Structure formats: structure tokens, C-alpha cells
Engineer: 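Mind looking over this structure? Questions follow.
Just so we're on the same page: letters track the sequence lines, and every chain starts at 1. What you see is a predicted model, and the numbers here were worked out from it, not measured in a lab.
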There are 2 protein chains.
Amino acid sequence: MGTRKEISELPPEADLARADSLAREIFSDVANKWAFLIIEFLGQGTMRFGELRDEIGGISHKMLTQNLRMLERNGLVRRTVHPTVPPRVEYTLTEAGEGLRLVVDGMCGWTQRYLGHIEAARSRFRDPVAG
Amino acid sequence: MGTRKEISELPPEADLARADSLAREIFSDVANKWAFLIIEFLGQGTMRFGELRDEIGGISHKMLTQNLRMLERNGLVRRTVHPTVPPRVEYTLTEAGEGLRLVVDGMCGWTQRYLGHIEAARSRFRDPVAG
DNA sequence: CCGTATCCTGCTGGATACTG
DNA sequence: CAGTATCCAGCAGGATACGG
């Protein structure tokens, strides 16, 4: 075997290679902007439906419900209903959800770090001469 | 620069709070499954259009083109055209792209680690009694 | 081989209204 | 307050064709 790395472990994308694999399916489910925003804001702590809606901003009732159900189905978010009037429903990250939160935090950091690069690239793309 | 105080005490999602902020816009652009898959597979090294298409699998010509343009526009991917016949077009991650790759690698690792949790959660969701 | 354009279908996702 | 359902405009995204 080669001299490239000491350990010939599988590359990180190994399980994404087959489009019909479970890993690929989960990846495709979760890697969308609403899911990421929900995970990120829920990272602040347990929140009610309306609170979360307000925190995120710009998300419709329908999209929030739909994505929360998807995240619940995949065990990233736990839903707790308090049988009061009016009802109080709280959402919390599970352990898996907290794990994903670290990834999303990483993406937030990345956005911060490369904001300048990206803006520059955008103007270069609009006007290839000036760059 | 001098002794600037660390601003890292702000929560990671601070810049995502306003739905119309630049950070939020970039975040929303890039956090989608095709972009992530492209970044991840391009992490293996420079690739031609067709190669990348084959590696990813299950992506249409149109989606690949469209997302590659978006990533190029944001400076995550560099496009090199070799003026031969037939043409040879190669795509490479930029520094910013490599930075994002680390995040996506993190997500691949997360998927691996919680695959079992997620499968369990799914069956629990289908049949709340049995678990 | 790669890019762009066009067509067309089905799904996304917003707005609204009603229920408990 | 939260969930679900309905309606429907608009875009996503696949298939195809042609040009460089």
C-alpha cells in the first residue's frame, strides 16, 4: 500500500458513495438550511414552538412544523407536550442533536472566517476584470 | 493587529439572527445537500465534470452545473478550462472550500456515529410502543 | 466533453382557516 | 398556543436537444 498516510482508514465520504445508502439518505434529509437553522437556534436551550419561530425569523409555520417532525423522526429533537390550556409544547436537542449542533456551529464559524473571501469572490464573479 | 478582545463570546448563531444578513444568506445558499456532496467528493482532489458526476451518483447534469456555478460564485470552487478538443474542465476546492470541507467531514463523522441512534429513533417513531 | 437553453411535471412552501 | 388541512403560485429539477 502507499506511503500517503500511516493509517489507511476509509475516507469520510465512504458511506455517501452509494446514492441509496442509509447514510446518504440521512445526509440528504438533514443537510438543508431549515434543519440547520433549527438545530443551531435550539442549541440555545429548550424552546417553545412560537419562541423558536421568532428566534429563527423568516420561517413559515408550515416549514417549522414539517422540519421539526423530520428532526423528531430522526431522533435529533425531542418534543414534550404539557397538557395545559393553552397547550405548551417544548422542543429540545437530543444527544444526537447536540452532536449535529457541533457541526453546525463549525459551519457558523466557517461563515464568519470566510465572509470576506466570499464577498470578494462575488464581486470578482460579477466583474472578472477588477477582481 | 494589536490587542483586540476576543469576540468569540458571542454565540455561534449570532450572525444568523437577522434573516436578511449576509451570513444568513451564505448559510442558506451553501447548506443544501448537493453543495455538501459536491464539496465532500471534491475533497478527494481535483476532478473533471463527468468524473464528479459519476462519483456523486444520482445528480442530474443540470443540478451539478447549477450548484458548481453557485459554489464558484461564492469562491468555494475554482474552475479551470483547458482549451483542448474535446474540452477538459477541472474543478478544485479553494481555501474557503477546504475550510467548508472540514465541516462536511464533521457531518460525515456525525452520521457514522449516530447511525444506530437514528435507525432506533425511526422505528420508535413508526411504532411508539415497541421502541 | 462540457455548457446552455427549453420544455414540462410535480413538489415546495406560503397564506389561510379551523380544531382542540 | 400549537397542529393539521387545503389551496395554489412558483420554482425545482429531470429529460432532451443542440452548440462550441
Engineer: Looking at A:A120, is its backbone amide N or carbonyl O close enough to the side chain of A:S123 to form a donor-acceptor pair, meaning the two atoms are under 3.5 Å apart?
Structural biologist: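 Indeed, once roles are kept as given, a pair shorter than 3.5 Å links the two residues.
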Engineer: Closest nucleotide of DNA chain D for A:R69 versus for B:I59: which of these residues is on the 5' side?
Structural biologist: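 Its nearest nucleotide lies further toward 5', so the answer is A:R69.
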Engineer: Among residues 21-45 of chain B, which residues get a heavy atom nearer than 4.0 Å to DNA chain C?
Structural biologist: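 Those residues whose heavy atoms fall under 4.0 Å from DNA chain C, taken from residues 21-45 of chain B, amount to none.
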Engineer: Between D:dG13 atom P and B:R53 atom CZ, what is the distance in whole Å?
Structural biologist: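 Interatomic distance, CZ of B:R53 to P of D:dG13: 15 Å.
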Engineer: How many Å lie between CG on B:L52 and P on C:dG3, as a whole number?
Structural biologist: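 Atom CG in B:L52 sits about 11 Å away from atom P in C:dG3.
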Engineer: May I have the distance from B:K62 (atom NZ) to C:dC7 (atom P), rounded to whole angstrom?
Structural biologist: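 Interatomic distance, NZ of B:K62 to P of C:dC7: 12 Å.
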Engineer: Would you say the side chain of A:S28 lies within less than 4.5 Å of the side chain of A:R24, judging by non-hydrogen atoms?
Structural biologist: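 In short, these two side chains touch, coming nearer than 4.5 Å.
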Engineer: How many Å lie between CG on B:L68 and P on C:dC2, as a whole number?
Structural biologist: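 In whole Å, C:dC2 P lies 11 Å from B:L68 CG.
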Engineer: Kindly say if B:R48 contacts the phosphate of C:dC1, meaning a side-chain N or O under 4.0 Å from OP1 or OP2.
Structural biologist: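 For B:R48, the contact criterion (side-chain N or O under 4.0 Å from OP1 or OP2 of C:dC1) is not met.
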Engineer: Would you say the side-chain atoms of B:S21 pair up with the backbone N or O of B:D15, donor to acceptor, closer than 3.5 Å?
Structural biologist: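 Yes, B:S21 side chain to B:D15 backbone: donor-acceptor pair under 3.5 Å.
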Engineer: Do the side chains of A:H61 and A:F49 get nearer than 4.5 Å, heavy atoms only?
Structural biologist: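 Touching, per the 4.5 Å side-chain cut-off.
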Engineer: Taking for each residue the nucleotide of DNA chain C bearing the nearest heavy atom, is the 5' side occupied by A:P86 or by A:H61?
Structural biologist: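 It is A:H61 whose nearest nucleotide is closer to the 5' end.
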Engineer: Using atom CD of B:E90 as one end and atom P of C:dC2 as the other, report the distance to the nearest whole Å.
Structural biologist: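 Answer to the nearest Å: 9 Å.
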Engineer: Take the protein atom CG of A:L64 and the nucleotide atom C1' of C:dA15, then report the distance between them rounded to whole Å.
Structural biologist: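 One finds 16 Å between C1' of C:dA15 and CG of A:L64, rounded.
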Engineer: Do B:V30 and B:L22 sit in the same hydrophobic cluster, where Ile, Leu, Val, Met, Phe, Trp and Tyr count as joined when their side-chain heavy atoms come under 4.5 Å apart?
Structural biologist: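 Yes, B:V30 connects to B:L22 through the hydrophobic network.
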Engineer: OP1 or OP2 of C:dC2 sitting under 4.0 Å from any side-chain N/O of B:R79?
Structural biologist: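 The answer is no; no side-chain N or O of B:R79 sits under 4.0 Å from OP1 or OP2.
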Engineer: Taking the minimum atom-to-atom distance to the side chain of A:T65, which one of D:dG14, C:dG14, D:dT4 wins?
Structural biologist: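 Out of D:dG14, C:dG14, D:dT4, the nucleotide with an atom closest to A:T65's side chain is D:dT4.
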Engineer: Figure out the CG/C1' separation between B:N67 and D:dA12, and round it to whole Å.
Structural biologist: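 Those two atoms, CG and C1', are 11 Å apart.
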Engineer: So which nucleotide from D:dC1, D:dG3, D:dA15 ends up closest to the side chain of A:V89?
Structural biologist: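 When the side chain of A:V89 is considered, D:dG3 is the closest of D:dC1, D:dG3, D:dA15.
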Engineer: Please determine if a side-chain N or O atom of A:R88 lies less than 4.0 Å away from the OP1 or OP2 oxygen of D:dA2.
Structural biologist: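 The answer is no; no side-chain N or O of A:R88 sits under 4.0 Å from OP1 or OP2.
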Engineer: Go through the steps to decide whether B:F36 and A:F36 satisfy the test ring pair (Phe, Tyr, Trp, His ring centres under 6.0 Å), and finish with yes or no.
Structural biologist: CA-CA 13 Å; B:F36 269 38; A:F36 269 37; 5.8 Å; yes
Engineer: Does A:Y91 place a side-chain N or O at less than 4.0 Å from the phosphate oxygens OP1/OP2 of D:dC1?
Structural biologist: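 Indeed not, no polar side-chain atom of A:Y91 lies that close.
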Engineer: Between the side chain of A:N74 and the main-chain N/O of A:L76, is any donor-acceptor distance below 3.5 Å?
Structural biologist: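 No; zero donor-acceptor contacts below 3.5 Å.
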Engineer: When the distance from CD of A:Q66 to C1' of D:dG3 is rounded to whole Å, what number comes out?
Structural biologist: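 Going from A:Q66 (CD) to D:dG3 (C1'), I get 13 Å.
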Engineer: Nearest to the side chain of B:P87 - D:dC1, C:dG13, C:dC2?
Structural biologist: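 Between D:dC1, C:dG13, C:dC2, the one nearest the side chain of B:P87 would be C:dC2.
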